[in-house]
Amino acid sequence: MSFMAIKHYLQFADFTLDEYEYLIERARIIKRKFKSYEPYHPLTDRTLVMVFEKNSTRTRLSFEAGMHQLGGAAIYLNTRDSQLGRGEPIEDAAQVMSRMCDIIMIRTFGQEIIDRFAAYSRVPVINGLTNEHHPCQVFADVFTYIEHRGTIAGKTVAWIGDANNMLYSWLQAAEVFGFHVNVSTPAGYDINSALVSPGNQRYTVFKNPADACEGADLVTTDVWTSMGYEEENAVRLKAFDGWIVDGAKMQRANKDALFMHCLPAHRGEEVSADVIDGPQSVVWDEAENRLHVQKALLEYLVLDKI
Ligand code: CP
Ligand code: NVA
């Protein structure tokens, strides 16, 4: 079974540039309304179900608060307390949940889990992070860059650290928005080419992380050990030595370069305190913008529902 006509947001590449431009405009308007306490309830009586198989602060809060602010309700489920943790097939869960709500957000492990869930869902499904992708965060980051600098097309983003879900979403965003990504990962933690579209010409790999920062307009990184990989932490700490984003690396970037991190961050590991807490850092804007872009996304997907 597959409800082919339903629009989901499972990867960054699921939307076109036109759709992102529309959503960015909506996010700007929705943000303005929020800042001026103007009630805006297009999703009255609509329900979002949020399924978390991993921990979260920002994703849960931004979706739950966002749905409430749009006039709807949000229900939180996790693997521990739901039947998902006791082996109910994902296809069955999708059919049941999607008969009782208007939209579903999932944070889980492999991308194939969310793909299978979406194939059996009657309502739109949003990826709230998988091992391979984190499209909502990269959408918020692109929105944040555009807010600060006007346009991201033609710019250079330096990705320093692990080849993880955030990087794969950045590589898709580069294709959609027309910017370039300089990637530097330690040996043995290289890009998995199976997760990059074959024709993607929008990135260059650098052995030396400082060289990847040269001339960058945005320097960004993420934790060295993502959720689900905790047993590798000690080995990764050694392998990633030298990949910290510190003042010396920011010096190689353009003078007006921004620093981003999706958070949570480990000061002294992937980023130094002076960088993340310094004047080039926009990490709190990134976090806040999760709320605004996801409200635009919820409005778009729910109201477009067939
Ligand atoms: N950046 C992000 O997705 O944060 P959480 O894990 O707290 O949701
Ligand atoms: N790459 C990180 C992002 C956390 C928001 C992880 O998957 O744990």
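In this chain, residues are counted from 1 in sequence order. A quick note: this is a predicted structure, and the numbers were derived from the prediction, not measured.
Counting all heavy atoms, side chain and backbone alike, T144 lies closest to A140 at OG1-O, 2.6 Å. Closest approach of D256 to R149, counting heavy atoms only: O-NH2, 2.8 Å. Scanning both residues, F117 and A93, for their nearest heavy atoms gives CE1-C, 4.1 Å. Among all heavy-atom pairs drawn from A253 and V219, the shortest one is CB-CG2, 3.9 Å. Taking all atoms of both residues into account, the shortest heavy-atom contact from G161 to T185 is O-CG2, 2.9 Å. Of all non-hydrogen atoms in V275 and S281, the two that sit nearest each other are O-CB, 3.3 Å.
Within the cation-pi definition used here (under 6.0 Å to the ring centroid, within 45° of the axis), K155 does not qualify as a partner of Y145. Judged by a 6.0 Å distance limit and a 45° cone about the ring axis, R26 is not positioned over the six-membered ring of Y300. The side-chain tip of R60 does not point at the ring of F52 from less than 6.0 angstrom away and within 45° of straight on.
For Y229, the OH atom sits in a loose shell: 12 or fewer heavy atoms of surrounding residues, nucleotides or ligands are nearer than 6.0 Å. The environment of CD in Q251 is sparse: at most 12 heavy-atom neighbours from other residues, nucleotides or ligands sit within 6.0 Å. Counting non-hydrogen atoms of neighbouring residues, nucleotides and ligands closer than 6.0 angstrom, the CD atom of E231 exceeds 12 such neighbours. Residue N55 places its CG atom among 12 or fewer non-hydrogen atoms of other residues, nucleotides or ligands, all under 6.0 Å distant.
For the side-chain hydrogen bond (donor to acceptor under 3.5 Å, both in side chains) with T130, the qualifying choice from Q111, K54, Q11 is Q111, the only one to do so.
Ion pairing of D14 with K7 is absent here, as no side-chain N (NZ or NE/NH1/NH2) approaches a carboxylate O to less than 4.0 Å. A salt bridge links K31 with E147; the closest basic N to acidic carboxylate O contact falls under 4.0 Å. Ionic pairing of R236 and E269 is not present here: no N-O contact between side-chain nitrogen and carboxylate oxygen is shorter than 4.0 angstrom.
By the 4.5 Å heavy-atom criterion applied to side chains, L171 and W159 are not counted as neighbours. Counting heavy atoms from C-beta outward, F143 and L23 have side chains that stay 4.5 Å or more apart.
Looking only at distances, no side-chain donor or acceptor of R107 sits under 3.5 Å from a matching main-chain atom of E53. With S98 contributing its side chain and R122 its backbone, the two residues share a donor-acceptor pair below 3.5 Å. The backbone N or O of T220 sits nowhere less than 3.5 Å from a side-chain atom of W170 that would complete a donor-acceptor pair. A donor-acceptor pair under 3.5 Å is formed between the side chain of H8 and the backbone N or O of V125. At least one donor-acceptor pair closer than 3.5 Å links the side chain of N289 to the backbone N or O of D285. Side-chain atoms of S121 never come within 3.5 Å of backbone atoms of A94 as a donor-acceptor pair (strictly under, hydrogens ignored). Formation of a donor-acceptor pair under 3.5 Å by the Q280 side chain with backbone atoms of A257 is found in this model.
Between F139 and Y9, the ring planes lie perpendicular to each other; the angle is over 60°, past the 30° to 60° tilted range.
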Show the numbers, then the answer: is there a side chain to side chain contact (heavy atoms under 4.5 Å, CB included) between V183 and F206?
CA-CA 6 Å; V183 181; F206 291 80; over 6 Å; no
### Message
Apply side chain to side chain contact (heavy atoms under 4.5 Å, CB included) to residues V205 and S184 and explain how you reach the verdict.
### Response
CA-CA 6 Å; V205 173; S184 182; over 6 Å; no
* To do: Might you work through the side chain to side chain contact (heavy atoms under 4.5 Å, CB included) test for V196 and Y203, ending with a clear yes or no?
  => CA-CA 10 Å; V196 183; Y203 71 99; 3.7 Å; yes
message: Please determine whether side chain to side chain contact (heavy atoms under 4.5 Å, CB included) holds for the pair L298 and F63, giving the CA-CA distance in whole Å, both sets of side-chain angles, and the decisive distance to 0.1 Å.
response: CA-CA 9 Å; L298 288 165; F63 272 105; 4.2 Å; yes
Requested in this report: Apply the test salt bridge (Lys or Arg N to Asp or Glu O under 4.0 Å) to residues E214 and R252: give CA-CA distance (whole Å), side-chain angles for both, the deciding distance (0.1 Å), then the verdict.
Outcome: CA-CA 5 Å; E214 187 71 40; R252 300 280 299 269; 2.5 Å; yes
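Side-chain contact annotation: S197 with Q172, donor-acceptor N/O pair under 3.5 Å absent. With 3.5 Å as the limit, one finds a donor-acceptor pair spanning the side chains of H261 and E270. Using modelled atom types and a 3.5 Å distance limit, the side chains of N164 and D222 yield a donor-acceptor pair.
Evaluation of the side chain to side chain contact (heavy atoms under 4.5 Å, CB included) rule for A74 yields L48, M50, E64, M67 as partners, not counting sequence neighbours. Taking the side chain to side chain contact (heavy atoms under 4.5 Å, CB included) definition, one finds that D274 meets it with S272, sequence neighbours left out. Partners of R116 under the side chain to side chain contact (heavy atoms under 4.5 Å, CB included) rule, at least two apart in sequence or in another chain, are I90, E91.
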